[in-house]
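Have a look at the structure below before the remarks.
This one's a predicted model, so the numbers in the text were calculated from it and none came from an experiment.
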Amino acid sequence: MMILQTEPVEATDDAFWDQFWADTSTTVQDVFALVPAAEIRAVREESPSNLATLCYKAVERLVQGADSGCPSEKERQIVLNCTRLLTRILPYIFEDADWRGFFWSTVPGAGRAGHLDEDGIDDESRPLAESLLLAISDLLFCPDFTAQSHKKNSPDTAEDIRSIDSCEYIWEAGVGFAQSPPLNYIHDINRTELLKLLLTCLSEAMYLPPSSESKNPNPWVTFFCSSENRHALPLFTSLLNVVCAYDPVGYGIPYNHLLFSDHREQLVEQAVQILIVTLEHEAGSATGSALQALDTSAAPSEVEEQEPAGPDNLFVNYLSRIHREEDLSFILKGLGRLMNNPLVQTYLPRSTKKIQFHQELLILFWKFCDFNKKFLFFVLKSSDVLDVLVPILFSLNDARADPSRVGLMHIGVFILLLLSGERNFGVRLNKPFTLHVPMDIPIFTGTHADLLIVIFHKITTSGHQRLQPLFDCLLTIIVNISPYLKSLSMVAANKLLHLLEAFTTPWFLFSSQENHHLVFFLLEVFNNIIQYQFDGNSNLVYAIIRKRNVFHQLANLPSDTASIQRVLQKKKKSGISRTNSTEAESIERSRPADSVEPGILKASLVATPGIDKITAKSQVSVDGTMITVPTSDSPADTSAVGGASDTESNSERDHEVLSWKAKLPLQTIMRLLQVLVPQVEKICIDKGLTDESEILKFLQHGTLVGLLPVPHPILIRKYQANAGTAMWFRTYMWGVIYLR
């Protein structure tokens with residue numbers, strides 16, 4: 001197999017062009033070895049007509065295969081060879097700006113020459129891209145090639161590819177389809193090959209600058225997910241069901257993945273990647289159709305005939321309208337099972353299969369929550385949400401020190417931010433955490449909320465500067481769940497106080513314009529728990545009493561320029577020791593810096609928007625409903641002195657610090673200390689107590705009813721979609737697929 005690089009070859013020279021797909025023994029590895037990158041680029045530059053003809057001919061062969069239904073083994077082999085060849089060549093078309101429009105050009109003979117489609121339109125006028133996408137779709141539901149045949153094997157009873165209803169050939173039971181076809185590894189292999197080509201087609205977005213890609217939707221995705229594709233519904237359902245029905249552990253036989261090739265895993269990996277790429281829509285705008293009922297209990301063909309409502313992207317449309325409890329349960333349990341795969345523990349090392357597409361699963365879960373609010377509410381209404389929480393926390397803890405997995409950290413935190421905007425999430429976190437998961441965290445007896453706080457503390461104090469943009473998100477999540485936390489463990493309570501101690505160090509507060517925001521978040525957490533969950537939180541109350549000096553020092557924080565400059569100069573002179581650092585120093589090292597760690601491949605992720613851009617405040621009313629709070633300057637939104645210019649006057653700097661210092665919400669905590677500290681000191685003296693368990697017992701039976709300020713309204717910061725996060729998700733998604 002080779003490409004002539006000297007002179008153009010006539011398109012009519014069938015003997016020459018047939019050599020590319022006639023070989024029956026060509027594997028995908030052969031194609032990549034025999035068609036090296038340098039050769040493709042050379043032909044593109046020196047003999048562009050040869051490259052164009054090769055693409056036309058290969059697409060034409062796929063179209064012919066789709067039309068005939070590939071009844072013979074020879075035709076199937078030709079289809080597979082053309083599929084592999086196009087998968088190899090397309091990236092080199094996309095990387096060259098002059099060639100990107102090539103597949104969207106209409107050239108006589110590129111379509112199904114002389115054929116009229118169902119609407120009587122001459123397919124010759126179709127762009128090459130459309131012909132290719134429609135051929136791939138047809139081939140994915142080709143009996144005896146990629147789907148189980150419904151007829152006996154004989155030439156007389158071969159099924160007409162044009163007349164079959166592909167909704168009857170869905171690959172796996174699940175949403176909208178009850179029958180589970182027998183497993184056929186040949187079909188799985190062929191589906192995987194075609195999906196690889198499809199993913200390559202859709203990947204043109206990877207080669208465009210992020211800004212241009214956002215303004216102009218991906219034309220490949222737009223067409224493939226439109227009503228032009230008659231297989232849109234069965235294909236979406238097949239991909240979804242294959243992913244959610246997959247069980248990598250199988251029958252639980254140790255080391256079975258070493259004995260047998262799992263072709264279904266390769267198919268599942270391609271399926272989940274196709275889903276996350278095709279579920280492309282302006283974030284949040286699809287959810288309006290989530291409340292419309294899609295009767296998936298009807299036959300798939302009946303569903304397809306219904307007038308589509310909502311987004312033009314049919315994949316997003318179908319996803320947003322899934323509503324039956326059994327379907328939502330099937331999806332959640334399937335995704336949960338796969339997300340928990342890294343946590344599966346056995347007594348035999350490496351005896352169970354570990355899947356490799358965790359990040360794609362997180363993106364898919366995000367898209368489900370974002371595009372289908374019924375799914376989000378279903379996730380939150382049962383303890384099954386914890387089956388999603390634990391693997392996310394596991395991933396966050398595991399990835400925090402790995403620079404190459406910073407994107408994974410962001411997607412995990414974004415999911416938790418989205419979930420934390422709903423009351424049920426905070427309530428579910430009170431369930432005791434009893435799993436034995438291999439994580440390097442302090443041993444504790446407590447709830448899932450304790451686990452979350454302990455891991456967030458570990459992330460925040462890890463000292464990795466690339467994680468700094470997540471600090472506001474991490475603390476916002478804790479703020480959102482805090483009004484519902486019934487009983488924090490002593491370990492978690494101490495972690496929160498350790499964070500406050502680090503964040504309130506004067507040099508840390510004054511060294512950046514943003515650092516005081518973190519203090520406001522933590523004070524809001526303490527206030528929420530004291531006002532709404534005081535009775536069960538004696539551990540936190542005790543920790544606050546023990547660390548009362550932190551609150552007094554914060555209340556008496558120096559705010560004049562001379563004092564601030566002394567703090568900063570003193571710290572500058574002393575320097576930061578990496579071997580003997582405090583938590584505050586570790587956190588400060590996480591703030592943005594100009595230096596870049598050497599030897600690390602930096603993905604071109606766009607910056608994530610600030611917390612104020614991705615959340616909207618809602619006030620919880622007496623009956624539990626949410627009322628949107630108009631945007632205004634909150635105490636945490638004011639500027640600090642850090643980073644002020646040299647020309648700024650001292651009085652202006654003093655005013656800036658005073659403006660946020662005066663708004664510190666310390667009244668509730670100070671009142672608690674004023675009431676309880678004398679009582680605790682008295683009981684310790686009167687009874688000679690030195691054991692903290694006795695003090696905790698006293699605090700458990702204490703009350704502050706009528707002694708605290710009037711409870712403040714609960715404010716929840718709910719995630720809201722915006723162009724910035726949509727852009728981040730898009731670049732992250734393609735980065736994951738590229739690296740995988």
| said: Under the criterion side chain to side chain contact (heavy atoms under 4.5 Å, CB included), I'd like the reasoning laid out for Val79 against Arg61: C-alpha separation, chi angles, the key distance, then a yes or no. | reply: CA-CA 7 Å; Val79 164; Arg61 283 297 189 147; over 6 Å; no

| Does the side chain to side chain contact (heavy atoms under 4.5 Å, CB included) test come out yes or no for Leu62 and Leu86, once each step is laid out? | CA-CA 10 Å; Leu62 290 184; Leu86 287 169; 3.7 Å; yes

| task | Apply the test ring pair (Phe, Tyr, Trp, His ring centres under 6.0 Å) to residues Tyr207 and Tyr738: give CA-CA distance (whole Å), side-chain angles for both, the deciding distance (0.1 Å), then the verdict. | result | CA-CA 11 Å; Tyr207 301 87; Tyr738 174 76; 8.2 Å; no

| So Phe223 and Leu134, side chain to side chain contact (heavy atoms under 4.5 Å, CB included) or not? Walk me through it. | CA-CA 9 Å; Phe223 180 81; Leu134 292 177; 3.8 Å; yes

| task | Show your working on side chain to side chain contact (heavy atoms under 4.5 Å, CB included) between Ile415 and Ile411 and close with a plain yes or no. | result | CA-CA 6 Å; Ile415 289 174; Ile411 181 78; 4.3 Å; yes

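Phe371 and Phe375 have their aromatic ring centers separated by at least 6.0 angstrom. Residues Phe102 and Tyr56 place their aromatic rings such that the two centres sit under 6.0 Å apart.
Minimum interatomic distance between Leu396 and Met409 (heavy atoms only, all atoms of both residues): O-SD, 3.3 Å. In terms of heavy-atom proximity, Ser203 sits nearest to Thr200 at OG-O, 2.6 Å. Across Ser131 and Val63, no two heavy atoms sit closer than the pair O-CG2, 4.0 Å. Nearest heavy-atom pair, Ser166 versus Pro234, reported as atom, atom and distance to 0.1 Å: OG-CG, 3.3 Å. Taking all atoms of both residues into account, the shortest heavy-atom contact from Pro391 to Leu343 is CA-CD1, 4.1 Å. Smallest separation of non-hydrogen atoms from Asn190 and Phe145: ND2-O, 2.9 Å.
How far CZ of Phe365 is from CG of Leu361: 11.0 Å, rounded to the nearest 0.5 Å. Rounding to the nearest 0.5 angstrom, the gap separating the CD1 atom in Ile276 from the CG atom in Leu279 is 9.0 Å. Atom CD of Glu45 and atom CG of Asp98 lie 8.5 Å apart (nearest 0.5 Å). Interatomic distance, Ser395 OG to Leu408 CG, rounded to the nearest 0.5 Å: 5.5 Å. Rounding to the nearest 0.5 Å places CZ of Phe414 at 14.5 Å from SG of Cys369. The CD atom of Gln270 lies 10.5 Å from the CZ atom of Phe357; values are rounded to the nearest 0.5 Å.
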Could you give the side-chain donor-acceptor pairs of residues 177-187 under 3.5 Å, partners two or more places apart or in another chain?
unit_1	atom_1	unit_2	atom_2	d
Ser180	OG	Glu172	OE2	2.6
Asn184	OD1	Ile186	N	3.0
Asn184	OD1	His187	N	3.1

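The only member of His358, Gln359, Gln273 that meets side chain to side chain contact (heavy atoms under 4.5 Å, CB included) when paired with Val736 is Gln359. Evaluated for a side chain to side chain contact (heavy atoms under 4.5 Å, CB included) with Thr237, the options Leu240, Leu235, Asn241 yield exactly one hit, Asn241.
Side-chain contact between Glu280 and Asn218: absent, with no pair of heavy atoms (C-beta onward) separated by less than 4.5 Å. The side-chain heavy atoms of Pro127 and Phe103, taken from C-beta on, include no pair separated by under 4.5 Å. For the pair Ser226/Leu314, no side-chain contact is recorded, criterion being any heavy-atom separation below 4.5 Å from C-beta on. By the 4.5 Å heavy-atom criterion applied to side chains, Glu228 and Phe224 are not counted as neighbours. Residues Gln64 and Glu60 meet the side-chain proximity criterion, which asks for heavy atoms closer than 4.5 Å. In this structure the side chain of Ile93 never reaches within 4.5 angstrom of the side chain of Arg100, judged on heavy atoms. Counting heavy atoms from C-beta outward, Val221 and Asn313 have side chains that approach closer than 4.5 Å. When side chains are defined from C-beta on, Trp104 does not count as touching Leu128, because their heavy atoms never get closer than 4.5 Å.
Judged as a side-chain hydrogen bond (donor to acceptor under 3.5 Å, both in side chains), and not counting sequence neighbours, the contacts of Glu95 are Arg41, Arg44. Not counting sequence neighbours, the partners of Lys57 by the salt bridge (Lys or Arg N to Asp or Glu O under 4.0 Å) test are Asp14. Not counting sequence neighbours, the partners of Asp398 by the salt bridge (Lys or Arg N to Asp or Glu O under 4.0 Å) test are Arg405. Under the rule for a side chain to side chain contact (heavy atoms under 4.5 Å, CB included), the partners of Ser238 that lie at least two apart in sequence or sit in another chain are Phe141, Ile170, Trp171. By the side chain to side chain contact (heavy atoms under 4.5 Å, CB included) test, Arg337 pairs with Asp247, sequence neighbours left out. With sequence neighbours excluded, no residue forms a ring pair (Phe, Tyr, Trp, His ring centres under 6.0 Å) with Tyr246. Residues passing the side-chain hydrogen bond (donor to acceptor under 3.5 Å, both in side chains) test with Trp220, sequence neighbours excluded: Glu204. In this structure, the side chain to side chain contact (heavy atoms under 4.5 Å, CB included) partners of Thr222, at least two apart in sequence or on a different chain, are Pro217. With sequence neighbours excluded, the residues forming a side-chain hydrogen bond (donor to acceptor under 3.5 Å, both in side chains) with Ser137 are Asn229, listed by chain and number. Partners of Ile274 by side chain to side chain contact (heavy atoms under 4.5 Å, CB included), not counting sequence neighbours, listed by chain and number: Leu195, Leu198, Leu199, Leu202, Leu239, Thr278. In terms of the side-chain hydrogen bond (donor to acceptor under 3.5 Å, both in side chains) criterion, residue partners of Glu75 (sequence neighbours excluded) are, by chain and number, Ser68, Ser72.
Salt bridge Asp188/Arg191: present, at least one basic N to carboxylate O contact under 4.0 Å. Between Glu193 and Lys196 there is no salt bridge, since no side-chain nitrogen of the basic residue lies less than 4.0 Å from a carboxylate oxygen of the acidic one.
No side-chain donor-acceptor contact under 3.5 Å links Ser47 to the backbone of Asn50. Judged purely by atom type and a 3.5 angstrom limit, Gln19 uses its side chain to pair as donor or acceptor with the backbone of Phe16. Remark: side-chain polar atoms of Trp21 are not paired, donor with acceptor, to backbone N or O of Leu85 under 3.5 angstrom. With Asp387 contributing its side chain and Asn340 its backbone, the two residues share no donor-acceptor pair below 3.5 Å. Between the side chain of Asp327 and the main chain of Ile322, no donor-acceptor pair closer than 3.5 Å is present.
Ring planes of Trp728 and Tyr732: parallel class, angle under 30° (limits at 30 and 60°).
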